[in-house]
Amino acid sequence: MNMVTGRKQLSLVPESQLQTMALAEYNTFLTANKVLNASNNNAAMVDRVGVRIANAITKYYNDKGQGVVLEGYKWEFNTVESKDINAWCMPGGKVVVYTGLFAVTQNETALAIVLGHEIAHAVAKHGSERMSQGLVQQLGGVALDVALSQKPQQTKEMFAQVYGIGSQVGAMLPWSRQQETEADQFGLIFAAMAGYDPQEAIPFWQRMSAVGGAKQPEFLSTHPSDATRMRKLQQFMPEALKYYTRK
Ligand SMILES: [Zn+2]
């Protein structure tokens, strides 16, 4: 039973092991890409939004007596130079935004919507769920450390597919519709608690839907013109707004 989602999830991967693997993959990614330094305005914005959302999430789970959800988290927010419209959060709180995203977010509040969504995938352990399914389907259900020692390349590729890292965004395993809904809803709450108007999600997703094309980011992985998603966002908005105080 997942503490965050209240849903039964397949979990063969201990969070601590996944965080260790994530840290290694994250460091490899940062070495292989051009990371903007803090003097860049967009990089500073990513860091500012990220820290505010991380603080909101910490408060959200501490208030519920569920601080354990964030065990092992050491937040980092980086921006990399890339045309791709993409962003992700790895287990353990390692967040990367690609500069291609800014053309669509267009403002700080929309960036908060995206980061809230990506971080929600991580804290809801959606990646762990996908990795567990991958270990069952591709490697016969072995444990993560066994998979890493016996089939390191395949295991790393699975990780990259689950988390949408690397340049081939299209190669990512899409989240399930249920996972997307959970990320949308928790993401709105986190953004609202961080002082960003959750209502920006509606025009933001409309701009996203208009992007189209082959290079769609993970948050469009279900369907770009998904009317169901928009309807669910609207339905959830009154709940999200309860958490919103403009800062
Ligand atoms: Zn998503």
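Along the sequence shown, residues carry numbers from 1. In listed order, ligands and their atoms are each counted from 1.
At a cut-off of 2.8 Å, H126 does not coordinate the Zn ion (ligand 1) through any N, O or S atom. For residue E180, an N/O/S atom approaches the Zn ion (ligand 1) to within less than 2.8 Å.
Heavy-atom contacts from other residues, nucleotides or ligands closer than 6.0 Å to CD of E71 number 12 or fewer.
Rounded to 10 degrees, the NE2-metal-NE2 angle spanning H121 and H117 at the Zn ion (ligand 1) equals 100°.
Distance alone, capped at 3.5 Å, is enough to place a donor-acceptor pair between the N27 side chain and the L23 backbone.
Scored by the salt bridge (Lys or Arg N to Asp or Glu O under 4.0 Å) test, E81 finds no partners at all (sequence neighbours excluded).
Between K74 and K94 there is a side-chain heavy-atom pair separated by less than 4.5 Å.
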